Amino acid sequence: CLETTEVASEAQVVVEKLALDASPVAGGDLTYRLRVRNLGPSLALDVLLRDDLSTDVDVLYISDDGCSVDAGNVVRCPLGDLVPGAERFVDIHVRLADDLACGGTLANTALARWDGDADPATGPAGRESVSPVARADVTVDCLSDLWLRKFGKPDGEVLAGEDLTYYVSVTNLGPSSTLPGAITLNDLLASDGTFEVVSITSVPPANCAPAEGTYANTADIACTLPTALGPNEEWALTVVVTADDTQDINNVADVELAAPAVDPDPSNNRAEVEHDITDVADLSIEKTDGGAQPVAGGTFGYTLNVTNAGP
């Protein structure tokens with residue numbers, strides 16, 4: 001007597017996913033490592049790994065050449081058949097968007113599908129068996145290296161009454177964008193005399209106080225940038241000062257980044273310049289005789305006019 005016994009195929013495929021950096025930086029790189037295993041006892045046919053990446057990342061490289069990145073940032077990797085005990089590793093290297101929110105969560109899930117019944121009519125593309133979902137969520141940090149530069153023109157000694165123009169530049173060396181309103185620039189002008197702040201201009205526009213005016217000894221100007229500053233973008237500030245008397249003007253600028261973002265290199269957050277204001281008077285003298293004809297033995301007068309053309 002011939003008996004027919006139906007043998008069931010039972011494979012247990014599991015996916016493990018790990019983010020190699022639990023706190024990646026906005027604008028920085030991150031590697032996800034996926035491990036796909038067949039715990040058996042049967043052969044897992046036509047295994048497909050699926051990884052749903054966030055749309056806030058760009059895929060740089062995938063270690064398995066057979067993988068593809070499809071619409072919606074979905075990575076699909078056909079792994080073929082996996083015998084019991086077999087395992088496959090896939091590394092996915094991504095770059096995070098530079099404007100991700102500090103402290104936000106970057107979600108990521110992955111799973112595997114495979115053909116468990118050798119029937120191409122069951123399940124999507126014949127793969128009716130599905131593994132548990134693996135997660136690798138991370139918390140995003142923000143790093144923005146702000147680089148402050150400052151110089152004044154003209155160089156060195158400045159004539160009294162002449163414009164002294166300070167140029168201040170803040171560059172975000174990245175890798176993250178700053179949040180709107182997160183950058184503050186403090187520009188302290190200290191002198192042993194009285195001077196005038198003629199104008200303050202900013203590109204992009206900023207909120208600065210105090211405004212133009214005459215100051216005795218110090219003017220502490222604070223400017224906040226209301227917009228975000230992306231990697232390699234510059235904030236330029238121009239301050240024009242003038243003084244009518246001899247004095248030394250020392251200008252110290254500091255830039256600060258508000259929490260929760262972090263500036264990894266505070267050593268380039270300060271710049272200082274000093275200028276001497278020198279009195280210069282352009283004097284001229286004019287002598288006139290009044291136009292009268294002098295007479296021998298008589299008196300004769302001259303008029304002297306002295307003019308100060310400044311500055």
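Fair warning: this is a prediction, and the values are worked out from it, not measured in the lab.
- Closest approach of E16 and R37 over heavy atoms only: OE2-NH2, 2.7 Å.
- Judged by distance alone, the side chain of T105 and the main-chain N or O of A107 form no donor-acceptor pair under 3.5 Å.
- Checked against side-chain contact (heavy atoms from CB on, under 4.5 Å), N232 has no partners two or more places apart in sequence or in another chain.
- A search for side-chain contact (heavy atoms from CB on, under 4.5 Å) contacts involving V252 returns N250, D254, R270, E272, not counting sequence neighbours.
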Per-pair distances, 0.1 Å, donor-acceptor, side chain in residues 138-152, under 3.5 Å, sequence neighbours excluded:
{"residue": "S144", "atom": "OG", "partner": "S176", "partner atom": "O", "Å": "2.8"}
{"residue": "D145", "atom": "OD1", "partner": "N268", "partner atom": "ND2", "Å": "3.3"}
{"residue": "R149", "atom": "NH2", "partner": "S169", "partner atom": "OG", "Å": "3.1"}
{"residue": "R149", "atom": "NH2", "partner": "T171", "partner atom": "OG1", "Å": "3.0"}
{"residue": "K150", "atom": "NZ", "partner": "D187", "partner atom": "OD1", "Å": "3.1"}
{"residue": "K150", "atom": "NZ", "partner": "D187", "partner atom": "OD2", "Å": "3.3"}
{"residue": "K150", "atom": "NZ", "partner": "N251", "partner atom": "OD1", "Å": "3.0"}

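- In this structure, CZ in R95 is found 4.0 Å from CG in D29, a value given to the nearest 0.5 Å.
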For Y166 and I249, run side-chain contact (heavy atoms from CB on, under 4.5 Å): C-alpha distance rounded to whole Å, both residues' side-chain angles, the deciding distance at 0.1 Å, then the answer.
-> CA-CA 11 Å; Y166 293 107; I249 299 181; 3.4 Å; yes
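- A donor-acceptor pair under 3.5 Å is absent between the side-chain atoms of D263 and the main chain of L257, judged by distance alone.
- One N or O on the side chain of T178 and one on the backbone of L229 form a donor-acceptor pair closer than 3.5 Å.
- With sequence neighbours left out, P204 forms a side-chain contact (heavy atoms from CB on, under 4.5 Å) with L225, T227, W235.
- Looking at S42, its side chain does come within 3.5 Å of a backbone N or O of E10 through a donor-acceptor pair.
- Every residue two or more places apart in sequence or in another chain was checked for a salt bridge (Lys or Arg N to Asp or Glu O under 4.0 Å) with D163, and none qualifies.
- The heavy-atom pair separating P78 from G66 by the smallest distance is CD-O, 3.4 Å.
- Looking only at distances, no side-chain donor or acceptor of R76 sits under 3.5 Å from a matching main-chain atom of D70.
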Please assess T218 against D220 for the test side-chain contact (heavy atoms from CB on, under 4.5 Å), listing each intermediate value before the final yes or no.
-> CA-CA 6 Å; T218 61; D220 194 357; over 6 Å; no
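- When every heavy atom of L111 is checked against every heavy atom of L49, the shortest pair comes out as O-CD1, 3.5 Å.
- In terms of modelled atom types and a separation under 3.5 Å, the side chain of N38 and the main chain of V13 share no donor-acceptor contact.
- No side-chain donor-acceptor contact under 3.5 Å links T246 to the backbone of T278.
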So I277 and D245, side-chain contact (heavy atoms from CB on, under 4.5 Å) or not? Walk me through it.
-> CA-CA 7 Å; I277 308 297; D245 303 314; over 6 Å; no
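- Note that the OG1 atom of T194 and the OH atom of Y215 stand 12.5 Å from one another [nearest 0.5 Å].
- Residues satisfying the side chain to side chain donor-acceptor pair (under 3.5 Å) test with T31, not counting sequence neighbours, are H93.
- With hydrogens and angles disregarded, no donor-acceptor distance shorter than 3.5 Å links the side chain of E233 to the backbone of N172.
- The two residues L106 and S54 come nearest to each other via the heavy atoms CD1-OG, 3.4 Å.
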